[in-house]
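Quick one: the structure is below, questions incoming.
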Amino acid sequence: MFRSQEQRNFHRLVARHIEVGDGPLLLEGGTGIGKTRACLKALADHGGTAAVVLPTHQLIDQLLSSPDRAAVGLGAKAFRPAGAFDTRADYEAHRRNAMRSRVMFCTAASVMIDWRLGGDYNGATKRGYLLFDEADELPRAAALRKDLAITAGDLAAAGVALTTVGETVSALLDRPRLEPETRAKAWMIREALDEPAWYQKVGGDEDGGVALIHSLPGRLLKRVANRGNVAFVSATLTVGGSFDDFRRAMGVGNVSRLSSVVEPERHGDLTVETPTGRDPAEIVGMAEKPCLVATPSHELSEELGARLPGAVVRTGDGETTAEAAARVGPDGVLVAAGAWAGLDTPLRWRSIVVPRIPFGRPSVLDDKIVSRYIDSRNIAVRRMRQVAGRGLRTPDARCALYILDERYKTLGRFLPERFERSWAEGARVDVSLSRSERDPAIRREALRRYGLRCRACDKPVPESRASVIEIHHLDPVAEGERRTTLKDVVPLCRNCHAIAHTETPPIPVERLRDTVRSTA
């Protein structure tokens, strides 16, 4: 049943927590140790009702077809929203069937809706145990803006005109036959209006509707997240070896005494190379196959795929990374956006190429950037750990990770500790065949011309704190060696400089100036 001591330990911790329920369980397990089977076995042996909560319906589909579910003998039903059915009668029949099941698979969005509707949506919050799998996605995906936004179509269907946010939400809540999903969204927005906080903002979105955006989106699940019968499971719950970032993002207070990290002393071999600035096509050509190219966007995937004859490109129409990998031969190449997310793939990757560090994109509300760089960076840390784990699914796995974006240096520690040690001792091959020069004379001349003032937020800096001003290259030096002049650089404070680099290419200074100053 269990293939390693680590997998047994993981199962034991979940099973024990189901018994004691002494606070929310935070449980991180090394990539490839078999967390899914360990959790499902604990739920199969548990006699009460439970819900397995995942970020997306695609992940639910993968879990339903997983051999781990069959191996532990877990019977389960998935809950789908009304939009997945042709008629209301079909949806209601499905809903009753899912609610009668002992174990139900559902999304985090449905849990939020169920909480706001008092457990009468799909009953997830009334179940004896809730296990959030792939929980590292919750600090960002819990807001699920696409699901929480009250769109122009929602307003039209309810017969409500968009006026001010408060008036629009009140009008919706006054509708006696409002769709349950829309009513729950309206309640969440009403909560944000009634309890203003720095981390939550409400406003009009780009599509003519109303949206709620959180700097700490996981706090929409705060009341559920602090219950004793809840577990959060992932390979990447910690940042820098601590659960603090996850707890802060979710609003979690005291946690179960069983919370821990189950990391194997040895599980696979990883070689890390950093040929920053090199052409991705060149690196893929020399890399051992099968090769996974993990990109932050479908646009970049299409661009690279066109330059890699015979490569499979994950489509943007809902195809999962695992489904795309099924189309790749043993000596092939897969170019996939978001390849860090999801369950296992049918291939064992011998090399993984990361052309660009996958920072989280800024959130925009009322034409203003409302997210923070530190959140974007922590998203990148988690994603880099996940994508490295794609090549470490078995104890005897051997994989090479190629990082082509020098911004990896801003992330700090992002690999499991067993690889951090070997990397620091020389396992990393730091290849810099296209060295980017940063001439200190450029900084001196830029500050002489512009002064100690950020060109985005326009805040002056005293001489004693001159180090907080950084020189931003309009044509990023990470793209390769080039001759730099004063026309190519501007001084930015650390915060604005970090925000500029949350997009690739960087946010233009003109747009950065408008958005940063509008939030001041």
Side-chain angles (χ1 to χ4, degrees), residues 4 6 10 26-35 134-137 139 233-246 260-276 278 283 287-288 291-296 321 336 338-342 344-345 348-360 374 376-432 478:
S4 68
E6 290 84 11
F10 207 88
L26 308 186
L27 192 55
E28 178 176 293
T31 299
I33 68 171
K35 297 181 293 298
E134 301 287 331
D136 56 281
E137 292 293 318
V233 174
S234 170
T236 55
L237 277 189
T238 62
V239 173
S242 169
F243 288 116
D244 288 349
D245 179 71
F246 182 83
S260 58
V261 176
V262 180
E263 185 72 34
E265 292 187 10
R266 180 176 179 80
H267 188 95
D269 290 318
L270 183 69
T271 301
V272 183
E273 300 192 19
T274 56
T276 57
R278 292 280 295 276
I283 299 299
E288 194 171 357
C291 174
L292 172 64
V293 183
T295 73
T321 300
W340 44 83
D344 206 358
T345 64
R348 295 294 176 260
W349 305 104
R350 299 303 295 270
S351 59
I352 297 171
V353 177
V354 181
R356 293 178 184 167
I357 297 298
F359 286 98
I374 190 171
S376 176
R377 185 198 65 191
N378 288 345
I379 290 167
V381 168
R382 291 189 175 97
R383 288 174 174 175
M384 288 298 293
R385 288 177 62 191
Q386 287 173 307
V387 80
R390 284 297 195 185
L392 302 170
R393 307 307 299 191
T394 60
D396 59 349
R398 178 171 61 84
C399 183
L401 174 64
Y402 298 89
I403 305 173
L404 311 189
D405 185 345
E406 73 169 11
R407 292 179 299 170
Y408 79 88
K409 298 174 184 177
T410 70
L411 302 182
R413 172 181 163 189
F414 63 86
L415 290 177
E417 185 176 352
R418 64 186 187 277
F419 298 122
E420 289 283 352
R421 288 196 299 267
S422 62
W423 193 5
E425 292 167 3
R428 175 178 66 176
V429 181
D430 200 352
V431 182
S432 298

> What distance do R383 atom CZ and T236 atom OG1 have between them, rounded to the nearest 0.5 Å?
Replying inline: 10.5 Å

> Step by step, would you call C291 with I352 a side-chain contact (heavy atoms from CB on, under 4.5 Å)?
Replying inline: CA-CA 6 Å; C291 174; I352 297 171; over 6 Å; no

>> Would T238 and R385 count as a side chain to side chain donor-acceptor pair (under 3.5 Å) here? Give the steps.
In response: CA-CA 10 Å; T238 62; R385 288 177 62 191; 3.3 Å; yes

>> Evaluate Y408 against V272 for side-chain contact (heavy atoms from CB on, under 4.5 Å), listing each step before the verdict.
In response: CA-CA 12 Å; Y408 79 88; V272 183; over 6 Å; no

> Hey, mind stepping through W340 and T321 against side-chain contact (heavy atoms from CB on, under 4.5 Å) and telling me if it holds?
Replying inline: CA-CA 9 Å; W340 44 83; T321 300; over 6 Å; no

> Looking at OG of S260 and CZ of F243, how far apart are the two atoms once the value is rounded to the nearest 0.5 Å?
Replying inline: 6.5 Å

> If you take all heavy atoms of E134 and S234, which pair is closest and at what distance?
Replying inline: C-CB, 4.4 Å

> Would you call L392 and R390 a side-chain contact if the rule is heavy atoms closer than 4.5 Å?
Replying inline: no

> Is there a donor-acceptor pair closer than 3.5 Å between any side-chain N or O of E28 and the backbone N or O of L237?
Replying inline: yes

> About how many Å separate NZ of K409 and OG1 of T274, when rounded to the nearest 0.5 Å?
Replying inline: 7.0 Å

>> If you compare all heavy atoms of G391 against all heavy atoms of C399, which two are closest, and at what distance to 0.1 Å?
In response: O-CB, 3.5 Å

> Looking at CD1 of I403 and CE of M384, how far apart are the two atoms once the value is rounded to the nearest 0.5 Å?
Replying inline: 4.0 Å

>> Distance check, rounded to the nearest 0.5 Å: I379 atom CD1 versus I357 atom CD1?
In response: 14.0 Å

> Can you check side-chain contact (heavy atoms from CB on, under 4.5 Å) on R278 and Y402, steps first, answer last?
Replying inline: CA-CA 10 Å; R278 292 280 295 276; Y402 298 89; over 6 Å; no

> Do you know which two heavy atoms are closest between L404 and P275, and how far apart they sit?
Replying inline: CD2-CG, 3.5 Å

>> Within this structure, what is the CG-CG distance for the pair D405 and L411, rounded to the nearest 0.5 Å?
In response: 8.5 Å

